[in-house]
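One structure is given here, and the rest of the page talks about it.
Below, chains carry the letters A, B, ... as their sequence lines are ordered, and counting in each starts from 1.
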Amino acid sequence: MRYYMTGEVETIEQAVSRIDSGSSIAAGLALEHSIPFAAGHELLRQGTDDLTMIGPISDLLFDQLIGGGAVSRVRAAWAGNVSAGTGYRFREAVENGTVDVEDHSNFSIALALKAGAMGVPYLPTKSLIGSDIFERSDLFLEESDPFGGDQLALVPAIEPDWTIVHAQRASPAGDAHLWGNMGITDPAVGAAENVLVTAEEIVDPDVIKSDPSRVGITRDKVTAVAECPFGAHPSPVAGYYNRDNEYYLEYSTQTKTQSAYDEWADEWVYGVSDREEYESLVERELGITEPTIAAEVQYGQ
Amino acid sequence: MRYYMTGEVETIEQAVSRIDSGSSIAAGLALEHSIPFAAGHELLRQGTDDLTMIGPISDLLFDQLIGGGAVSRVRAAWAGNVSAGTGYRFREAVENGTVDVEDHSNFSIALALKAGAMGVPYLPTKSLIGSDIFERSDLFLEESDPFGGDQLALVPAIEPDWTIVHAQRASPAGDAHLWGNMGITDPAVGAAENVLVTAEEIVDPDVIKSDPSRVGITRDKVTAVAECPFGAHPSPVAGYYNRDNEYYLEYSTQTKTQSAYDEWADEWVYGVSDREEYESLVERELGITEPTIAAEVQYGQ
Amino acid sequence: MASKTYTDRELMVTAAASEIEDSDTVFVGMRLPLIAFQVAVSTHAPNSMAVYESGVVRDSPADGFIHTMCDLPNLNRAVSTTGMIDIMSRLQRGDVDVGFLGGAEIDRYGNLNTTWVQGGEQEIRLPGSGGACDIACMADRTVLLMPHEPRRFVEEVNYVTSPGHSSDGSGRDTHPQAGGGPSALVTSKATFGFDDDGELYLRSLHPGVSESEVVADFPWEMNTAEDVDEGSVTTTAEPATAELELIRTFDPDGFWT
Amino acid sequence: MASKTYTDRELMVTAAASEIEDSDTVFVGMRLPLIAFQVAVSTHAPNSMAVYESGVVRDSPADGFIHTMCDLPNLNRAVSTTGMIDIMSRLQRGDVDVGFLGGAEIDRYGNLNTTWVQGGEQEIRLPGSGGACDIACMADRTVLLMPHEPRRFVEEVNYVTSPGHSSDGSGRDTHPQAGGGPSALVTSKATFGFDDDGELYLRSLHPGVSESEVVADFPWEMNTAEDVDEGSVTTTAEPATAELELIRTFDPDGFWT
């Protein structure tokens, strides 16, 4: 059995440096699960800006990037702080007109990326029509079902320059095992021009190949791979750590003004040089104390 | 932790008896993997007929059902014997006009079922146009991409009365773990009015819930569940047994005429009362001798 | 009010839970519905299943407090952890019986706004739809949950994030959408139904709340159950002791309730 | 012929394998391509990846003979075992470099028929497209494999299962399809290319085969490489010893070869 490591594992600094200012980036695709915060903070440290952020719900990731001045456009269904509601940096930026928002529903973002992943210009849906997401947008089209049914909304494809996924484990080439809920990870990977995989663990390809049905990303889409333990904190990663709920609440109280955000970012983003130093700031115990081991599965011949 | 067994495990006789003559049935959805032959033979024994069989490639399953007079219509991309080429019962029935064929490509069948699963009237594709699958059919429509791109073919939804899936293991309620290649299992399950799950093993719901990302079918779609070890022979089942290649070649030589088929069926279908007796007819060693154990995965909290 | 053994939000949870029928497939959103499903499946609706847009499918409560649908206790021992297209497809093909929605504003036809509101001179940006628009468009029925605050009840919402019924009296009949539309509104003071014309009416008052104080909070003349031949206005059932115990197990610090 | 150390089909396998470039994503169908990919990835194209419409993705040969793409050795230690929509989506979005196709009939533009052929008075039903139509429509290029039998070479195929190039001399430019169309035909006697007009021309003769015997098998005047300014007709490379060893490892009983 031979393996071809077509990719090389990079540091997260190297991996993120591949992303140019002005890029469109899909992230936060598994909703509140396994959000690539480490990559987001690295984007801030590198000063990558003029970004278009794409996602279903963004949770805090988009709010942090907006607070750091990295974002010019958001294409999303929901942006805020899932625990506390409002994302103050998002809200202020939109109200001031410094960030442009293209409003979606979760399904319209999912279908737009799915169309991109499938290589078709659009996908039809029974959702949207009747809402102002549809009425006030010139993104979507309306059509009479050509097979004689009801009115449909057509959602055009979105093809991000980058999709960022935080995986549980990946091979150096970028083949990744994912588990837990997936949100729109798969459509966003398929639709993207490039994929950046950050992973809790980089493992031998043998580990990935022992369970090919667990593979959620294959190397052909992957441009960069970085090992990044704790890379999704404060969001949870199945099998690795729980959600840090208190962090979300503290962030909410600490970022109501731009200057307060700047102070927060000085501590949590610009004040740390890497994820290891970041981890030392987190006091709460988030580890898995009641593990559930997946029932054994065999392949072979 | 509480479990609700909304389903009851039935014998395969009971389960298959729920399928009425005249039904449309999607089966053989993982292509050459895990084809529900046991359920097919039970349909023959029960004399269920006037069936519309739906699938991508049918391998031998459709040929056997056609030979037994159970089929009036086939909606498929390929029907034959994958090892030997021709399926003689299919060929003769189509040439004689006793079975009507709706020609598809693999992708058009996949998209038709995916449209059904997604609850939309159609899905668009860049495939088909320029082929006689498209030109000689009144099933599909052609449209100019309403967003200004090239011509597209529109594939209307197919919603089978039944989808039959042979799973590795399922709970009594019908939640099933599947692994190995999936073909169009997922779209066919989503599109179906009813799903019949036959499984190598019926297991405690705890086993299924230990790995929710392995679940390919959830109970809400499942009408009947039957334990059926060896239920996919002669096709292979990942983790359970290899493909019985010789069987395919023997079948080919043994079914070139209807009377030869009848003799074959007397031995392999009508001459056995259940799958255990059937298994005793198979002499070849098909077991897994070089197992690969999937790398451990943890959930928990 | 001082003698109440439960909070307004606890009552909203049990009222919401009572809208779930046994064997329902329930599209569970964030906040109170997270708790309401767990109460329902633990009491009168043991065969109900929850689907969450993140991809989670559950038939039982999480064994621990959940802030979000993706907290590990909600993934652990789930029936399935799949993706959004799978879950939204169930919704689109008509397999979701009931979904829950909230809103910053609501009009008499159940149109909801969670995107932009007017705050004096300034427009205030809210987080947006998430999956709410999709649930509103496609669920067989929806149950709306809102704090009972008069500023939320408006003649016309500032932005239709989640479509309700048609304003022409046809309910959902002439509506472009596939689903059945809103079937109930639960506030912190009362529950409301939607009549055949798709318009809100007062169904029940929470214990200790008067009809006059409730109807005064709306800028239109709110119908009552009597007005639309749906029986009479009743008193909302108080949470049973067992329900309160469950709520306090699922939300031990009262974070949501 | 008696002194040949390889069979016609073994040569077809190595000729097909040579059409795979390193780092290609290869859409692998049944029969000879099953072996050809394994030879290519073991020799000159170590970074190529195979995708199979059943959902399998591989970067290495199977450790055992495979009758079908779903035989357990092809699933075991695969890179991924996903589903058809995933694989066909890679094809549709333009991520598949090369696909292999066979056919019962072919015309000069590479249109293929695997559905219905005329056998004297009677129409004979063949198995049909499978994924062939999709590969033909959407792969960046396709390589066609056929036994060299004159009855298979026709002015017009009886049924276009898998579209080739346009007959108006525009190749794929005016063709409705997204992919690049056929780039080569490998028979048991020769290999052919497609010229700028999308028409077949003779590219190389297998060892021991004469040009006259090959062109006589076609009902039209077959162009040669010289005719279309593509150099001259060469001799197809014989399988190398190492390639033959690999073929006989992957297909030890010569079932496919």
Side-chain angles (χ1 to χ4, degrees), chain A residues 30-34 56-57 59 76-83 85-87 90-92 94-95 101 103-108 110-111 114 125-136 142 150-151 179-187 235-238 241-243 245 248 288 290 292, chain C residues 30-31 52-56 63-78 80-86 88 91-92 111 113-116 122-138 157-164 166 175-179 255:
Chain A
L31 283 74
E32 297 93 353
H33 182 244
S34 210
I57 68 140
D59 208 345
W78 196 96
N81 176 329
V82 171
S83 290
T86 302
F90 166 75
R91 178 178 153 184
E92 194 173 291
V94 179
E95 290 174 4
V101 180
D103 279 310
H104 280 267
S105 72
N106 273 343
F107 198 31
S108 75
L111 290 172
K114 183 73 177 170
T125 178
K126 296 178 183 168
S127 190
L128 295 181
I129 298 177
S131 75
D132 280 339
I133 295 173
F134 185 87
E135 296 300 332
R136 298 195 195 179
E142 181 170 351
D150 293 334
Q151 293 300 102
W179 63 97
N181 66 281
M182 294 298 160
I184 58 171
T185 304
D186 179 60
S235 67
V237 177
Y241 40 86
N242 281 284
R243 190 170 192 266
N245 291 317
Y248 284 84
I288 309 287
E290 304 167 54
T292 301
Chain C
M30 295 296 293
R31 300 173 172 258
Y52 305 78
E53 55 204 335
S54 61
V56 177
D63 188 19
F65 173 65
I66 49 174
H67 259 238
T68 84
M69 60 180 77
C70 295
D71 284 18
L72 297 196
N74 209 45
L75 273 54
N76 193 36
R77 302 207 159 272
S80 177
T81 44
T82 172
M84 189 191 288
I85 301 258
D86 179 347
M88 289 288 183
L91 184 64
Q92 189 163 240
N111 292 295
N113 173 15
T114 54
T115 303
W116 281 105
Q122 210 204 339
E123 277 209 311
I124 296 170
R125 174 68 202 201
L126 306 175
S129 163
C133 172
D134 309 307
I135 299 167
C137 287
M138 300 188 289
V157 296
N158 195 47
Y159 185 105
V160 180
T161 313
S162 303
S166 293
H175 207 276
Q177 291 311 334
F255 183 78

**Request:** Check each atom of C:Tyr52 against the heavy atoms of chain A and say whether the ones under 4.5 Å are side chain, backbone, both or neither.
**Result:** neither
**Request:** Heavy-atom pairs under 4.5 Å with chain A are the metric here; pick the option from C:Met88, C:Gln92, C:Arg31, C:Glu53 that has the most.
**Result:** C:Gln92
**Selection from C:Ser129, C:Ala78, C:Gly55 maximising heavy-atom pairs under 4.5 Å formed with chain A** = C:Ser129
**Request:** Output the distance between atom CZ (A:Arg91) and atom CG (A:Asn81), rounded to the nearest 0.5 Å.
**Result:** 13.5 Å
**Request:** Could you check which of A:Met182, A:Arg243, A:Lys126 has the highest count of heavy-atom pairs closer than 4.5 Å to chain C?
**Result:** A:Lys126
**Item:** Most chain C-contacting option - heavy-atom pairs closer than 4.5 Å, from A:Ala110, A:Ser83, A:Pro56, A:Ala30
**Value:** A:Ser83
**Request:** Answer with side chain, backbone, both or neither: which region of C:Cys70 has an atom nearer than 4.5 Å to a non-hydrogen atom of chain A?
**Result:** both
**Request:** Please determine, among C:Pro163, C:Gly130, C:Cys133, the option with the most heavy-atom pairs under 4.5 Å with chain A.
**Result:** C:Gly130
**Message:** What part of A:Thr125 gets within 4.5 angstrom of chain C, counting heavy atoms only: side chain, backbone, both, or neither?
**Reply:** both
**Asked** Regarding C:Glu123 and C:Asn158, is there a side-chain donor-to-acceptor distance under 3.5 Å anywhere?
**Response** yes
**Asked** Measuring heavy-atom distances to chain C, does A:Ala238 have an atom under 4.5 Å in its side chain, in its backbone, in both, or in neither?
**Response** both
**Complete:** The interface call for C:Ser54 against chain A, heavy-atom contacts under 4.5 Å, is both
**Fill in**
If you tally heavy-atom pairs under 4.5 Å between each of C:Thr82, C:Asn113, C:Asp86, C:Val157 and chain A, the highest tally belongs to C:Thr82
**Item:** Greatest number of heavy atom pairs closer than 4.5 Å to chain A - which of C:Pro73, C:Cys137, C:Ser162, C:Gly64
**Value:** C:Cys137
**Portion of A:Asp186 that has a non-hydrogen atom of chain C nearer than 4.5 angstrom** = neither
**Request:** Check whether A:Tyr241 gets within reach of chain C through its side chain, its backbone, both or neither, counting any heavy atom under 4.5 Å.
**Result:** backbone
**Item:** Region of C:Ile124 in contact with chain A, defined by heavy-atom distances below 4.5 Å
**Value:** both
**Item:** Heavy-atom proximity to chain A below 4.5 Å, by part of C:Ser80
**Value:** neither
**Portion of A:Leu128 that has a non-hydrogen atom of chain C nearer than 4.5 angstrom** = both
**Request:** Indicate yes or no for a side-chain donor-acceptor contact from A:Asn181 to the backbone of C:Thr81 under 3.5 Å, with no hydrogens or angles considered.
**Result:** no
**Message:** Is A:Phe107 in contact with chain C via its backbone, its side chain, both, or neither, using a 4.5 Å heavy-atom distance?
**Reply:** both
**Asked** Which bit of A:Val237 comes within less than 4.5 Å of chain C, counting heavy atoms only: side chain, backbone, both or neither?
**Response** backbone
**Asked** Going by atom types only, do C:Thr161 and C:Thr115 share a side-chain donor-acceptor pair under 3.5 Å?
**Response** yes
